[in-house]
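Quick note on labels: first sequence line is chain A, next is B, and so on, each numbered from 1.
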There are 2 protein chains.
Amino acid sequence: MTAKPAAACRGVSEILSRVGDKWTILVVVAIQSGSLRFNGIKRQVHGISQQMLTRTLKALERDGMVERTVHPSTPPQVEYTLTPLGHSLSDTVRKLADWAAGHHGVIEDNRHRYDAQQAR
Amino acid sequence: MTAKPAAACRGVSEILSRVGDKWTILVVVAIQSGSLRFNGIKRQVHGISQQMLTRTLKALERDGMVERTVHPSTPPQVEYTLTPLGHSLSDTVRKLADWAAGHHGVIEDNRHRYDAQQAR
DNA sequence: CTGCATCCATTCGGATACTG
DNA sequence: CAGTATCCGAATGGATGCAG
C-alpha cells in the first residue's frame with residue numbers, strides 16, 4: 001500500500017471530491033453525535049441552505065454514509081443517522097481535522113508572508 | 001481535541017477545500033518522491049493542464065507546502081520540492097487515501113444499488 | 001522551459017418559490 | 001416539516017496564445 005497505483009489515486013481523488021466539498025464534512029460532524037432531523041441539521045450547520053443540505057444528504061445516503069428513516073407522523077419526521085461506513089469516514093477525517101487544526105495557524109502565517117513578499 | 005469548536009470546523013473546511021480540489025493531492029503525491037521540474041510534474045500527473053499545474057503549485061507554495069527553486073540556466077529550470085509541512089500533509093492524506101482505497105469498492109456498490117432503487 | 005493572461009464551458013452554490 | 005424545481009451569480013477548470 002506504500003505504492004500508489006493510478007487506480008487508487010483516482011479513487012482517492014473521487015473520495016476527496018465528495019468529502020472536500022463545502023458541506024459534507026460539516027453535515028457528517030453534525031450527525032455523528034446521534035440521529036438528527038432535517039431542520040435539526042440545518043440549525044446545527046450554520047449557513048447551509050436547505051437545498052445544499054438536501055443535496056449533501058442525498059449524496060451521503062447514496063454513498064451509504066447516512067441512513068434515512070421516515071417516521072410517518074404529522075407533521076412528518078425524517079431522521080438521519082450515520083452508518084458504520086459513515087462513522088468510519090468520520091474517524092478518518094477527524095485525523096485530517098486534527099492535522100488541519102494543528103497547522104492552520106502556520107499555513108495562514110505562510111500565506112500572509114507570501115502575500116507580503118509578492119507586494120514588494 | 002475531541003470537542004469540535006466552530007473555529008476548528010472552519011479551519012478544517014478551508015484545508016479540505018484546498019486539499020480536495022481536483023489536482024492538489026495528485027501534485028503533492030507526484031512531488032513527494034523527490035524534487036521535480038515543472039514539465040516533469042506535468043508528465044507525471046496525467047491530464048492536468050499547464051495552467052492548473054501553475055495554479056496548484058502556486059497555491060501550495062503560498063501555503064508553504066512546496067518550495068520553488070529556480071536554477072538560472074538556459075533553458076531555465078525550476079525545481080519543486082515538498083517542504084516538511086508538505087510531507088506532513090502528505091502523510092496525513094495518505095491515511096485518508098488508504099481509507100478511500102479500502103472502501104471505494106463498497107461505496108461504488110452502494111451508489112449502484114441506490115441508483116437501481118431510484119429507477120424503480 | 002516556465003509561466004502569465006485571456007476567453008469560454010461547465011459546475012457549484014445560494015435565494016426563492018412551490019408541493020406533499 | 002421535509003423536499004423539489006428553477007433561476008442566477010460565482011467559482012472551477014480547460015484551451016489557447018503570448019512572454020521571459
- In residues 36-48 of chain A, which residues come under 4.0 Å of DNA chain C by heavy atom? none
- Message: Applying a strict under-4.5 Å side-chain criterion to I, L, V, M, F, W and Y, I'd like to know whether A:Val70 and B:Tyr114 cluster together.
- Response: no
Rounding to an integer number of Å, can you tell me how far [X] [atom1] sits from [N] [atom2]?
{"X": "A:Asp21", "N": "C:dG14", "atom1": "CG", "atom2": "C1'", "answer": "14 Å"}
{"X": "B:Arg55", "N": "C:dC4", "atom1": "CZ", "atom2": "C1'", "answer": "11 Å"}
{"X": "B:Gln77", "N": "C:dC1", "atom1": "CD", "atom2": "P", "answer": "10 Å"}
{"X": "B:Arg18", "N": "D:dG13", "atom1": "CZ", "atom2": "P", "answer": "11 Å"}
{"X": "B:Lys58", "N": "C:dC4", "atom1": "NZ", "atom2": "C1'", "answer": "7 Å"}

Within the structure, does a side-chain N or O atom of [X] lie under 4.0 Å from either OP1 or OP2 of [N]?
{"X": "A:Tyr80", "N": "D:dG3", "answer": "yes"}
{"X": "A:Lys22", "N": "D:dA11", "answer": "no"}
{"X": "A:Trp23", "N": "C:dC12", "answer": "no"}

- Item | Which nucleotide in D:dG14, C:dT2, D:dT4 has an atom nearest any side-chain atom of B:Arg68 | C:dT2
- Task: Looking only at side-chain atoms of A:Gln50, point me to the closest of D:dA15, D:dT16, C:dT16.
- Result: C:dT16
- Message: Determine whether a donor-acceptor pair (one donor, one acceptor, N or O, separation below 3.5 Å) exists between the side chain of B:Gln51 and the base of C:dT6.
- Response: yes
- Message: Categorize B:Thr54 for me: base, sugar-phosphate, or nothing, with a 4.0 angstrom heavy-atom threshold over every strand shown.
- Response: sugar-phosphate
- Message: Tell me whether A:Glu79 at atom CD has more than 12 heavy atoms from other residues, nucleotides or ligands lying less than 6.0 Å away.
- Response: yes
- Note on the structure: Quick note, ring-ring contact (aromatic ring centres under 6.0 Å, His included) partners involving residues 9-57 of chain A, not counting sequence neighbours, are none
